[in-house]
Structures are given as structure tokens and as C-alpha cells.
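Beneath this line is the structure, given in C-alpha cells, with notes to follow.
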Amino acid sequence: MLDIKLIRENPELIRESMHKRQMDPSQVDEVLRLDEKRRALILDVEVKRSERNSVSKEISRMKDPDERNIKIEAMRLLGDEISALDEKLRAAEQALTAAVAVIPNIPDDDVPIGVDDKDNIVIRQVGTPRSFDFEVKPHWDLGTALGIIDFEGGVKLSGSRFYVLSGVGARLQRALISWMLDQHIRQGYLEKYTPWMVHAEVLFGAGQLPKFEENLYHDHLEDFWMVPTAEVPLTGLHMGEILDESELPINYTAYTACFRREKMSAGRDVRGIKRGHQFDKVEMYKFCLPAQSKDEHQKMIADAEQTCAELGLTYRVLLQSTGDLSFGAHKTYDIEVWAPGCQEWLEVSSISNIGDFQARRANIKYRPADGGKPEFVHTLNGSGLGLPRTLIAVLENYQQADGSVVIPEVLKPFMGGIEVIRA
RNA sequence: GGAGGGAUGGCCGAGUGGUUCAAGGCGCCUGUCUUGAAAACAGGUGUGGGGCAACCCACCGUGGGUUCGAAUCCCACUCCUUCCGCCA
């Protein structure tokens, strides 16, 4: 959420940022109108409240019952006015919050202007795609032949876009999760195991609600929402808190399943395990001082890259254009790994500097060491990494002519002696 | 699921309708004193909003209600806790 004062004082900046994102900026005018309405009501009601407070004090000191009753009657009427104004004010505030809540974050100045993900810029590529002297198989063929991915089982249980990992396949994913978490702990993150269902308030704080309600699963009897990413509970951990400057930066890592409704067009990304309603992910998250966020962003990218590199995957880093930049992000890099079987670059990580956008929504501040007023922290999040696509890349890159798959060196300690996956 | 107890400022804790709309203590900051520190003493010390400012308004778990006036009374809810029951 943007600062209403910033919008009030610098509406042109916001309009421009919405233009960059290919959005209609008329929402800014709506916000300004609602803000003015709200402030007028505040002025009105507070003058009346102030009067009631002082007269009520007078009443408590009055001895003459007649005079007293006259005042009480007057205050009764004033009270009715205040109630009516209060109701209007509450409605005005709700309308304003709702209007501000759908304005996206301001992109950083060096985010390239673009229409969609085709305008993202490749910053660097590390490694070269492995060359094969046999016919490369996509993971859906490999996985089925090896008996480690069971697509029919997934359909039987939950329909399309669900799958079952079996035997060494399930174990390989578990190995990846454990290894990645250990990796992030070494990189200085504190591991958290959080609830995978949270209250609506937490989703609002993380910026998912109200705008992305249609992409979320939730319990219809109680206020429980399935997390679409660990970013949500990790943000929520410090909701409404004032942190000490000396605690920052705070680095968290967490493994969760992620649940997303995804209005996927039929026929797109249907094969394999690339895109589903439920997938696992290891997440990295930071709370830091505003002045630290640029550096922390680069560190987080390096942390994710290290994960790709140690797995021996060929990857590239892209800077998202304004057309692809997500609603709450100030600046985002994607990491894509090469999958020789599908013949495509797969996005395994999206690493964003959110600035104070999320902190303002979730009300997370820090108290400066010099004793100044509390300020909003900056937050950053990044996948480290998304499991299904990492699994795809590992299977497809480590396949051999006979259809077997070699386990990457770093995962061997987690595989109980298994070095090659065979049918 | 049943019965009881509880929720107050960074922390502890007083406060059952107004004459200080948060006492007192701890912690923290500043000053005095001191060679320095401690102690003692004095003052200060929450968050948000509105206003150019003086200043004003709101907030005692959350949401309603009663009242001229609510931390205080009423209703509902949430969370914590004790005991009982059930349970992986």
C-alpha cells in the first residue's frame, strides 16, 4: 500500500508509475477525491467531539440541576450528530483504504518499461546448456518411465494439474527441500515452520487481498486461507510490530506447500509438473532498513544463484519489465533454469524488493537507534527455489541415454546411498 | 466440547461512571552531583490521525450497545490460562 500522503502530495508520480505498468491511472483521482472527503469529515467530527468533551467536564462540576439539564439535553443532540458523522467517516475511511489498496507499488527507476514478460531483460547467463548425444526426454516421459511421477494418481485424487510423486521421486523432492533449507541456513537465514493456513488479515498485510482473492483457496466455514506462498506467513510474523533497528536485517527461510487457484488457460502448460494448484517451495525473506534494501536484494539474488549453481544447473538472471512486475513489487529479478527436455527456460525464482509497500500494509516498523520516530521497514522475498521446476530441471539435465537419472552431488547425502534413479 | 479465571503503556501493576480519561514501580533518555561510574535527586519517556501553527481527536484484547460523559456498566467475539472430556 502506498502512503496516502505521498499520493496527496505527488499524484503525478503515481499516475506515471501506473502508466509504466500499462494501467489506467484514473484510480489516483478517485483516491484524491476520497481523501478530501475523509479529511473534511474528520475536521467536522473532531470539532464536535472536542466540544462534547469540554461540556461534559463542565456538567460534572455543575450544581444547579436546571442548568445542568439544559446542557445535558444539548449534548444529547450533539451526540446524535457525532454518531451520524462517525458512521459517514467510517464509510469514507473504508472507501479510501479500499481505493488505495488497489494502487500498485512504484517501480524502481531502473526497471525497464515494457508490456509483458517478453520485455524482461536478461542480465546474465551462467553455464551453457548441456549437449546430449542421445534423444533428450521431457520429464513427463522420464518420470513416468522411471515410475517416480504418477499423473493418474493425481487426477484420481484431485483432478487435472495434480500429480503424485512416488518412491525415489518423492525422496528426491524431499532431498531438495532439506538441502535448500540447509543452504539458506548457512547463508544466514533463520528457518521457520509456519501455519499453512492464515487469517484474511495476514493476506491483506502481504498484499494478496483484496486484489487476488480469486487466486486463493479458503475454508468457507472459518477464516482460514491456504497460503499461496510462504511470503505470506513470514510477513505476518511481525505484523503490527515495531522492531529494534539493531535486530535488522532479519532473514527468514521457510518451506511450505503453496496453493493457487490460477485461472490457467486450458491447454497451456498442461504437460508435466510445471504448473499446478499445489506446489512446494522454499522461500527466503528479509526485513531490513530502507537504506539496506538495495544491497540485501543483491545478496538474496546471489543466494538463489548459488543454489542453482551448486545443483549444476544452467541458469540466467532476468530483470522484470514494468509489464511483468507484480502488483506489490518495486523491483524484481527472475531466475530461470534451462530444461533440455521441455526445451525451455523455467522460472524457479522471483526475487523482489518490495520497499515499504508491504510493511505499510502489515504495519511493520523499526525504531531508529538514534531514538527517532518509528519508520516502516523494507521487505524482500525470493524463492530459493520452487520445487517442481527445480525437480524438472534436475531430472532433464541429469538424464542418461538409458533413461536413468544421476543424482546431483550435493543431494547425495540426502538420498540414503542412492546415486542413480533407475526404472 | 464443558466449567472457571484472565487480557491495561517497552515490562510489572493500580484503577467498577466525571473533579489527574491511566496511580505507582521497573526500564530507557536528559540534567545536577562525581576524577569516572554507581547511587541519590529533578525533568522527560506510547501509537496513529487532523491542523501552517497553537492545539485538537482517537486508542486500556476486538466489535457493538447504554450514557451528557465509559478502561470502568451491558452484549457478542477472539486469544491466553486452569480443570474435565475427546483425540493424531
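Chain letters run A, B, ... following the sequence lines, proteins first, then strands; residues in each count from 1. Just so you know, these numbers use all the heavy atoms, side chains as well, and skip hydrogens, waters and symmetry mates.
Residue A:K71 places its NZ atom among 12 or fewer non-hydrogen atoms of other residues, nucleotides or ligands, all under 6.0 Å distant. The number of heavy-atom neighbours closer than 6.0 Å to NZ of A:K412, taken from other residues, nucleotides and ligands shown, is above 12. No more than 12 heavy atoms of other residues, nucleotides or ligands shown are found within 6.0 angstrom of CD on A:E201.
In this structure, CD of A:E36 is placed 17 Å from C1' of B:rG49, rounded to the nearest angstrom. Straight-line distance from the CG atom of A:L85 to the P atom of B:rC57: 16 Å, rounded to whole Å. Atom P of nucleotide B:rG50 and atom NZ of A:K37 are separated by 17 Å, given to the nearest angstrom. For the pair A:R360 CZ and B:rG48 P, the interatomic distance rounds to 12 Å; values are reported in whole Å. The interatomic distance linking A:E247 (CD) with B:rG10 (C1') rounds to 12 Å, in whole Å. Between A:E241 atom CD and B:rG10 atom P there is a gap of 12 Å when expressed in whole angstrom units. Residue A:R38 contributes atom CZ, which lies 18 Å from atom P of B:rC57 at whole-angstrom precision.
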Discussion item. Strictly under 4.0 angstrom, non-hydrogen atoms only: write out the protein contact profile of nucleotides 58-80 of chain B, one letter per nucleotide from the 5' end, B, S or -.
Written reply: S-----S---BS-----------
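Inspection of the A:H184 and A:Y252 side chains reveals no N or O donor paired with an N or O acceptor under 3.5 Å. At a cut-off of 3.5 Å, with distance as the only test, no side-chain donor of A:T253 or A:Y285 sits close to an acceptor on the other residue. Side-chain atoms of A:S293 and A:H378 form a donor-acceptor pair, as typed in the model, at a separation below 3.5 Å. Using a 3.5 Å distance cut-off with no hydrogens or angles, the side chains of A:D334 and A:S350 do pair a donor with an acceptor.
Using a 4.0 Å heavy-atom distance criterion, A:K48 is classed as making no nucleic acid contact.
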Pull out every protein N or O sitting under 3.5 Å from an N or O of nucleotides 51-54 of chain B, one pair per line with the distance.
unit_1 : atom_1 : unit_2 : atom_2 : d
B:rG51 : OP1    : A:R39  : NH1    : 3.0

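Pairs passing the side chain to side chain donor-acceptor pair (under 3.5 Å) check and including a residue from residues 9-22 of chain A, sequence neighbours excluded, read A:E12-A:R15, A:R15-A:D29.
When all heavy atoms of A:S383 and A:K281 are compared, the closest pair comes out as CB-CD, 3.8 Å.
Partners of A:T390 according to the side chain to side chain donor-acceptor pair (under 3.5 Å) rule, which considers only residues two or more places apart in sequence or in another chain, do not exist here. Not a single salt bridge (Lys or Arg N to Asp or Glu O under 4.0 Å) links A:D280 to another residue, sequence neighbours left out.
In RNA chain B, runs of at least 3 consecutive Watson-Crick or G-U pairs, each pair with both distances below 3.5 Å, span B:1-7 with B:78-84, B:10-12 with B:24-26, B:27-32 with B:40-45, B:46-50 with B:55-59, B:61-65 with B:73-77.
Remark on RNA chain B: of its neighbouring residues A:S54 and A:I42, the 5'-side contact belongs to A:I42, judged by nearest-heavy-atom nucleotide.
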